[in-house]
Colleague: 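Take this structure first; my questions come after.
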Protein chains: 2
Amino acid sequence: MILARLILGLLSLSPMTGYELKKHFDSSINHFWNADKAQIYRTLTKLVQDGHATVTVIRQSNYPDRQEHHITELGREMLVQWLQTDVTAHIPREPFMARLFFAAELDRTGVVDLVEARRVATQDLLDDYLSQREDIDMRAAADRRSFLMAATLDNSIRHQEAELQWLEAVAEHLP
Amino acid sequence: MILARLILGLLSLSPMTGYELKKHFDSSINHFWNADKAQIYRTLTKLVQDGHATVTVIRQSNYPDRQEHHITELGREMLVQWLQTDVTAHIPREPFMARLFFAAELDRTGVVDLVEARRVATQDLLDDYLSQREDIDMRAAADRRSFLMAATLDNSIRHQEAELQWLEAVAEHLP
DNA sequence: CGTGGCTAGTCGATCAATCAACCGAGAAAT
DNA sequence: ATTTCTCGGTTGATTGATCGACTAGCCACG
């Protein structure tokens with residue numbers, strides 16, 4: 001459901017092939033959503049079936065045909081409608097917390113290792129996000145669209161920072 | 001997969017029925033994982049099939065029979081093994097970020113409303129976590145198991161706090 | 001001359017999650 | 001007297017996500 005909306009959102013910016021959508025997911029969307037290739041193509045099929053998008057096949061000389069997907073008026077309406085529906089609380093699932101919750105089955109060193117491994121993984125993610133952030137800055141602040149896109153990245157950054165601080169506190173006070 | 005592990009973790013603390021497992025999920029686990037009733041029962045069936053748990057039926061006078069599930073030695077081994085496997089980065093999916101990313105399709109007021117609704121939802125969650133936190137405190141810090149369980153709750157609290165701060169920043173700088 | 005990467009997509013299988021309905025009994029509340 | 005709550009569990013259907021394999025031509029590198 002949400003994948004369909006994200007795809008509609010991207011198509012609202014510009015017509016695209018499934019392949020290009022996948023690239024966007026892997027670059028700009030990756031900090032809050034990821035999508036499987038197969039799932040993108042299947043969702044595109046459904047969007048076309050539902051009249052939210054149309055396909056235009058474009059021949060290319062040196063590359064395979066492009067199945068360019070365009071958002072329709074109906075699709076645009078659905079997109080705006082979704083944006084306006086109620087915000088419902090959503091508890092993300094955190095596999096690491098699942099582990100830590102039961103980590104007392106390990107000895108102290110085991111727990112320390114777990115926390116340290118998480119710290120490294122978190123720092124890597126944060127570094128990645130920070131370098132993405134550098135590529136946008138400044139010119140972004142002006143128009144609302146760019147501001148919001150940057151803001152979602154800032155959200156991920158703040159969460160990773162909070163995670164790091166929490167990890168330090170855990171490492172420090174672990175009995 | 002992770003659900004199976006969480007269930008094993010709970011069973012390692014004490015034998016339980018599916019019904020009781022569901023209650024634990026709804027109370028202590030709810031801040032980082034939630035589980036559907038049907039899924040819990042199906043996973044229990046699989047745990048028994050795989051030899052990670054056993055069932056004992058206990059007759060009761062005024063209540064239905066209890067299908068008490070006990071963790072086996074193999075189950076305990078699987079649990080510890082899982083705790084020791086590599087920590088892999090995991091990007092949680094955030095439906096709200098999905099919306100905000102494309103919220104420029106709305107007018108400014110629309111975006112402000114969206115952010116405000118999120119703020120209310122976040123504050124509610126935070127209040128819930130904080131009241132859960134009050135019920136544990138103090139005596140917890142001592143042994144490692146209680147410490148870790150409290151720590152996962154602290155993690156959720158820190159993330160909600162970070163979310164609130166970010167929301168304030170967004171509301172303040174939104175062009 | 002071969003290998004690997006980029007473009008662009010398709011198909012099948014499997015699993016996990018979610019929703020909704022249904023069963024039945026006792027106990028407490030109105 | 002009747003509804004609602006708690007206990008305890010089951011089934012079916014559907015959707016979404018995930019993984020892997022397969023097709024196929026072009027380009028650049030060594």
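Chain A is the first sequence line, chain B the second, and so forth, proteins listed ahead of strands; every chain is numbered from 1. Every heavy atom of this structure was used, including side-chain atoms; hydrogens, water molecules and symmetry mates were not.
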Colleague: Just wondering, more than 12 heavy atoms not from Q60(B) lying within 6.0 Å of its CD?
Modeller: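 Count over threshold, so yes.
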
Colleague: Please give, in whole Å, the distance from dC26(D) C1' to D65(A) CG?
Modeller: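 Rounded to whole Å, this separation is 14 Å.
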
Colleague: What nucleic acid atoms does Y19(A) come within less than 4.0 Å of, heavy atoms only: base, sugar-phosphate, or nothing?
Modeller: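 Contact class for Y19(A): base.
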
Colleague: Is it true that R119(B) and E163(B) make a salt bridge, defined as a side-chain N closer than 4.0 Å to a carboxylate O?
Modeller: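 Judged by the 4.0 Å cut-off on N to carboxylate O distance, R119(B) and E163(B) do not form a salt bridge.
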
Colleague: Please tell me if N62(A) has a side-chain N or O lying less than 4.0 Å from either OP1 or OP2 of dT7(C).
Modeller: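 Checking N62(A) against dT7(C): no side-chain N or O falls below 4.0 Å of OP1 or OP2.
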
Colleague: Whether the side chain of E20(A) engages the backbone of T17(A) through a donor-acceptor N/O pair (distance < 3.5 Å, no angle test) should be reported.
Modeller: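 A pair under 3.5 Å: yes.
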
Colleague: Is the ring pair Y129(A)/H31(A) parallel, tilted or perpendicular, if the boundaries are 30 and 60 degrees?
Modeller: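 If you compare the ring of Y129(A) with that of H31(A), the planes turn out perpendicular.
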
Colleague: So among Q123(A), E172(A), R118(A), E116(A), which one has a side-chain contact (heavy atoms from CB on, under 4.5 Å) with L167(A)?
Modeller: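 Considering Q123(A), E172(A), R118(A), E116(A), a side-chain contact (heavy atoms from CB on, under 4.5 Å) with L167(A) is found only for R118(A).
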
Colleague: Could you tell me whether the phosphate oxygens of dT10(C), OP1 or OP2, come under 4.0 Å of any side-chain nitrogen or oxygen in Q67(A)?
Modeller: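 For Q67(A), the contact criterion (side-chain N or O under 4.0 Å from OP1 or OP2 of dT10(C)) is met.
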
Colleague: Would you confirm whether W166(A), through its side chain, and A151(B), through its main-chain N or O, come within 3.5 Å as a donor-acceptor pair?
Modeller: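 The answer is yes, because a donor-acceptor pair under 3.5 Å joins these two groups.
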
Colleague: Nearest-Å distance, CD (E20(B)) to C1' (dC7(D))?
Modeller: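 Value for this atom pair: 10 Å.
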
Colleague: Mind calculating the distance between NZ (K23(B)) and C1' (dC7(D)) to the nearest angstrom?
Modeller: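 Those two atoms, NZ and C1', are 8 Å apart.
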
Colleague: Give one of base, sugar-phosphate or nothing for K22(B), where a contact means two heavy atoms less than 4.0 Å apart.
Modeller: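 Result for K22(B) = nothing.
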
Colleague: Near DNA chain C, counting only heavy atoms under 4.0 Å, which residues of residues 32-43 of chain A show up?
Modeller: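 Within residues 32-43 of chain A, the residues near DNA chain C are K37(A), A38(A), Y41(A), R42(A).
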
Colleague: Could you give the CG-to-P distance, from L21(A) to dT7(C), as a whole number of Å?
Modeller: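 Rounded to whole Å, this separation is 14 Å.
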
Colleague: Any side-chain N or O of T17(B) under 4.0 Å from OP1/OP2 of dG9(D)?
Modeller: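 So the side chain of T17(B) is within the cut-off, an N or O lying under 4.0 Å from OP1 or OP2 of dG9(D).
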
Colleague: Output yes when R158(A) and D154(A) qualify as a salt bridge under the 4.0 Å nitrogen-oxygen rule, no when they do not.
Modeller: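 Salt bridge absent between R158(A) and D154(A).
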
Colleague: Rounded to whole angstrom units, what separation is found between the CZ atom of R59(A) and the C1' atom of dA24(D)?
Modeller: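 Atom-to-atom, R59(A) to dA24(D), this comes out as 16 Å.
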
Colleague: Using atom CG of L44(A) as one end and atom P of dA8(C) as the other, report the distance to the nearest whole Å.
Modeller: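 In whole Å, dA8(C) P and L44(A) CG are 14 Å from each other.
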
Colleague: Please tell me if K46(B) has a side-chain N or O lying less than 4.0 Å from either OP1 or OP2 of dC15(C).
Modeller: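 For dC15(C), neither OP1 nor OP2 has a side-chain N or O of K46(B) closer than 4.0 Å.
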
Colleague: State whether R93(B) places a side-chain N or O below 4.0 Å from either non-bridging phosphate oxygen (OP1 or OP2) of dT18(D).
Modeller: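 Answer is yes, contact under 4.0 Å.
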
Colleague: Would you please confirm or rule out a distance under 4.0 Å between OP1 or OP2 of dG8(D) and any side-chain N or O of Q60(B)?
Modeller: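 Result: yes.
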
